[in-house]
Amino acid sequence: MRFTRLFGRTLRTDPAEAETPSHRLLLKAGMIYPFASGVYAYTPLAVRSLHKIEAIIREEMSAAGAQEVKLPALQPLDLWQQTGRAEAFGPILFRLRDRRERDMVLAPTHEEVITLLVRAFVRSYRDLPISLYQIQTKFRDEPRPRGGLIRVREFEMKDAYSFDADEEGLEASYQAMVRAYRNIFDRCGVPAVMVEADSGAIGGKDSHEFILPTPVGEDTILLCRACGYAANAERARSRKPPVPKPDPLPLEEVHTPGIKTIEDLAGYLGIPRHQTLKAVFYNADGRIVFVAIRGDLQVNEVKLKRVLKATDLRLATDAEVAQAGLVAGSASPIGVKGIPVVADDSILMGGNFVVGANRPHYHLRNANYTRDFHADTIADIALAEGGHGCPRCGTPLHAERGIEVGHVFKLGTFFSERLGAFYLDREGQQKPIIMGCYGIGLGRLLSAVIEKNHNEAGIIFPSSVAPFQVCLVGLNLDDPQVAQQADALYRALLQAGMETLYDDRLETAGVKFNDADLLGIPVRVVVSPRTLRQGCAEVKGRKALQGEMVPLAEVAEKVRLLLQSL
RNA sequence: CGGGGCGUAGCGCAGUGGCGAGCGCGCCAGGUUUGGGACCUGGAGGUCGCCGGUUCAAACCCGGCCGCCCCGACCA
């Protein structure tokens with residue numbers, strides 16, 4: 001491709017709206033163009049990279065035994081009502097109405113239709129197992145798109161689904177996908193780590209995310225360097241910081257004027273935070289719940305939601321708290337009546353806690369569980385944090401931010417039961433098909449590639465996903481001699497099967513070098529009067545500081561070797 | 001949905017009531033340059049986000065709305 005014919009344009013100034021590196025570089029390179037919040041057009045450079053990613057995914061899916069299908073993005077709403085997911089997705093779900101007034105959705109994911117498709121064709125255990133995948137546009141009306149392609153409202157996703165007759169089959173399908181995912185991220189230059197993930201409202205079994213660690217990521221993960229335990233913070237267990245368990249002292253009231261937060265309380269009384277109990281109030285599907293947790297810990301709402309078996313969980317409003325007869329800031333589990341109390345198991349560690357007195361400006365010292373108060377449920381509802389002990393080996397965990405680039409999930413029979421996808425087993429018994437689902441966001445993966453592979457000058461694409469392998473830069477092309485040699489070299493590179501971007505613009509060297517660096521093409525070849533005096537071209541890897549002079553006839557071979565070594 | 005920032009040329013920005021709305025970059029034409037974002041000359045390019053109000057006069061003041069970015073909430 002000649003640069004003068006390439007559709008698109010690089011920017012000289014950094015786009016003001018972008019903060020994360022991948023967002024900034026995608027815009028600056030002219031690879032994407034915004035049309036609305038979280039809605040982008042992709043120019044040929046981006047499309048070429050996305051096609052590379054797709055090709056890798058298709059190869060690995062195929063190797064894992066999955067077959068490609070294409071499912072509708074436009075779907076009837078009633079499918080989503082049958083599984084209850086219209087409700088579960090809520091405002092995320094894009095809805096519309098057709099000319100016959102039929103309610104439709106733009107699909108955010110495709111479990112419903114794939115299940116129905118499989119139901120239509122699968123009758124017997126002999127038809128199983130089967131794995132299907134597609135690369136399809138998804139629509140999600142996200143509350144807050146961000147980071148360029150990291151979180152958008154319209155995006156390409158590879159979604160795969162496995163269908164098995166039994167749990168062992170599901171496990172095998174799952175492991176095959178996990179292997180495929182490792183290969184895909186490896187080949188794309190994205191060192192993603194696989195972490196345990198929350199399985200969400202569907203309540204399936206195993207679920208893992210593939211996370212690229214980077215400070216711009218939206219997720220927090222906890223990792224153990226000693227034993228390899230790794231989990232999303234939503235899911236992670238931890239050994240909570242141990243505290244002494246003192247002999248119980250008598251309960252006593254203490255005046256705490258204006259003290260409301262744990263921080264202030266601990267400071268005012270000169271005690272560590274772990275000697276206080278925090279009270280937090282939630283509204284779980286409309287009922288108020290009192291949650292107690294040791295003062296040095298935070299509530300993990302995902303765990304709490306699971307414990308409560310709630311579908312909708314949020315912090316209670318001040319009005320709801322007051323109406324329940326609780327005093328925010330001085331609330332106490334002591335003497336709570338008519339409100340369910342859920343306590344984190346951390347209240348069993350330690351004692352003589354300071355708790356609210358249920359009247360303003362007073363707290364109680366030396367509260368001890370069972371002697372002084374009661375909890376209806378005791379469970380692990382704490383957020384694991386960096387520094388806590390690894391749940392397996394006790395080594396301190398460390399926390400990191402990251403981008404979720406892939407997710408694998410054992411769905412079980414949630415969809416097959418609701419949508420009637422059954423098969424007949426050997427004994428002629430009707431059974432629900434056991435499902436798994438596996439997703440990779442393509443644009444997000446492209447962003448992750450760039451987050452992990454860039455420097456001040458621009459993108460540094462791994463050759464596997466680079467839009468072009470070689471950038472041939474001709475300098476002083478208004479000199480017919482140079483133009484002739486550069487054109488010849490361009491033909492030679494194409495002849496040798498190299499994807500070549502030929503910068504044939506009449507621009508100065510600086511402009512061309514900067515664009516070559518910005519676009520991140522792995523190998524740069526320069527032809528100029530200077531190199532031609534030696535009968536050479538300069539060949540340089542994107543990351544190299546210095547190029548190498550190579551005789552014109554050997555350039556294609558040299559480029560090939562260089563690409564192999566990257 | 002809460003908090004913050006911002007909407008003026010393709011991009012980055014200036015312009016706090018008064019000539020015909022500016023600067024840099026980019027773009028077009030001509031010339032000079034030529035190995036890390038060159039220079040000269042001449043040009044093209046604008047519903048100042050939208051609607052309403054105040055005023056002799058509004059990019060600028062007032063009200064409402066819309067949009068974009070960032071933080072948080074949210075994210076089967």
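Just the heavy atoms: all of them, side chains too, but no hydrogens, waters or symmetry mates, feed the values below. Just so it is clear: chains get the letters A, B, ... in the order the sequence lines come, proteins before strands, and each one is counted from 1.
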> Between A:Asp14 (CG) and B:rG10 (C1'), how many Å, whole number?
Replying inline: 16 Å
> Mind checking the P distance from B:rU47 to B:rA21? Whole angstroms is fine.
Replying inline: 13 Å
Could you go over nucleotides 65-69 of chain B and give all protein N or O partners under 3.5 Å, atom names and distances?
unit_1, atom_1, unit_2, atom_2, d
B:rC68, OP1, A:Ser37, N, 2.6
B:rC69, OP2, A:Ser37, OG, 2.8
B:rC69, O3', A:Glu17, O, 3.4
B:rC69, O2', A:Glu17, O, 3.1

>> I want to verify a distance call: between B:rA76, B:rC75, B:rC70, whose nearest atom is closest to the A:Arg144 side chain?
In response: B:rC70
> With sugar-phosphate meaning primed atoms plus P, OP1 and OP2, does A:Glu301 contact a base, only sugar-phosphate, or nothing at under 4.0 Å between heavy atoms?
Replying inline: sugar-phosphate
> Can you check the A:Leu313 CG to B:rC74 C1' distance for me, whole Å?
Replying inline: 12 Å
>> Just to verify, what does A:Leu74 make a side chain to side chain contact (heavy atoms under 4.5 Å, CB included) with, not counting sequence neighbours?
In response: A:Leu96, A:Met104, A:Leu106
>> By the salt bridge (Lys or Arg N to Asp or Glu O under 4.0 Å) test, which pairs, at least two apart or in different chains, include something from residues 133-150 of chain A?
In response: A:Lys138-A:Asp159, A:Asp141-A:Arg153, A:Glu142-A:Arg151, A:Arg146-A:Glu218
>> What's the gap between B:rC69 and B:rC13 when it is taken at their P atoms, as a whole Å value?
In response: 15 Å
> So which pairs with a foot in residues 446-457 of chain A pass salt bridge (Lys or Arg N to Asp or Glu O under 4.0 Å), sequence neighbours left out?
Replying inline: none
> In whole Å, what is the span from the CD atom of A:Glu218 to the C1' atom of B:rC75?
Replying inline: 8 Å
>> Does the structure place the NZ or CZ of A:Arg505 under 6.0 Å from the centre of the six-membered ring of A:Phe3, at an angle of no more than 45° from the ring's axis?
In response: yes
> Taking the P atom of each, how far is B:rA9 from B:rA73, in whole Å?
Replying inline: 35 Å
> Which base, if any, makes a Watson-Crick or G-U wobble pair with B:rG26, both distances under 3.5 Å?
Replying inline: none
> Is the NZ or CZ atom of A:Arg418 positioned over A:Phe414's six-membered ring, under 6.0 angstrom from the centre and within 45° of the axis?
Replying inline: yes
> Between atom CE in A:Met435 and atom C1' in B:rA76, what is the gap in whole Å?
Replying inline: 13 Å
> Does A:Phe163 have any ring-ring contact (aromatic ring centres under 6.0 Å, His included) partners at least two apart in sequence or in another chain, and if so, which?
Replying inline: none
> Mind checking the C1' distance from B:rA38 to B:rG26? Whole angstroms is fine.
Replying inline: 15 Å
>> I want to confirm an ordering. Mapping A:Pro15 and A:His407 to their closest nucleotides on RNA chain B, which one lands closer to the 5' end?
In response: A:Pro15
> Can you tell me how far P in B:rG42 sits from the matching atom in B:rA57, rounded to whole Å?
Replying inline: 38 Å
> Above 12 or not: heavy atoms from other molecules or residues under 6.0 Å from CD of A:Glu87?
Replying inline: no
>> Rounding to an integer number of Å, can you tell me how far A:Arg314 CZ sits from B:rC74 P?
In response: 12 Å
> How many Å lie between CD on A:Glu404 and P on B:rC75, as a whole number?
Replying inline: 13 Å
> Can you list the residues that meet the ring-ring contact (aromatic ring centres under 6.0 Å, His included) rule with A:Phe94, with sequence neighbours excluded?
Replying inline: none
>> Strictly under 4.0 angstrom, non-hydrogen atoms only: write out the protein contact profile of nucleotides 28-42 of chain B, one letter per nucleotide from the 5' end, B, S or -.
In response: -----BBBBBB----
>> How many whole angstroms separate atom CZ of A:Arg85 from atom P of B:rC75?
In response: 15 Å
> In whole Å, what separates the P atom of B:rA58 from that of B:rG18?
Replying inline: 11 Å
> Does any nucleotide pair with B:rG7 by Watson-Crick or G-U wobble geometry, both distances under 3.5 Å, and what is it?
Replying inline: B:rC66
> Which value, in whole Å, describes the distance between the C1' atoms of nucleotides B:rG7 and B:rC48?
Replying inline: 10 Å
>> Could you report the tightest heavy-atom contact between A:Met498 and A:Ala556, atom names first, then the distance?
In response: CE-O, 3.2 Å
Could you pull out every donor-acceptor pair under 3.5 Å between side chains of residues 518-527 of chain A and any protein atom, sequence neighbours left out?
unit_1, atom_1, unit_2, atom_2, d
A:Arg524, NH2, A:Glu538, OE1, 3.2

>> Is A:Arg151 close enough to B:rC75 that one of its side-chain N or O atoms is under 4.0 Å from OP1 or OP2 there?
In response: no
>> Tell me every residue that passes side chain to side chain donor-acceptor pair (under 3.5 Å) with A:Glu209, counting only those two or more places apart in sequence or in another chain.
In response: A:Asn232
> Expressed in whole Å, how much space separates the C1' atoms belonging to B:rU33 and B:rC39?
Replying inline: 7 Å
> Paired with B:rG2 by Watson-Crick or G-U wobble geometry, both distances under 3.5 Å: which nucleotide is it?
Replying inline: B:rC71
> Can you check the A:Arg140 CZ to B:rA76 C1' distance for me, whole Å?
Replying inline: 8 Å
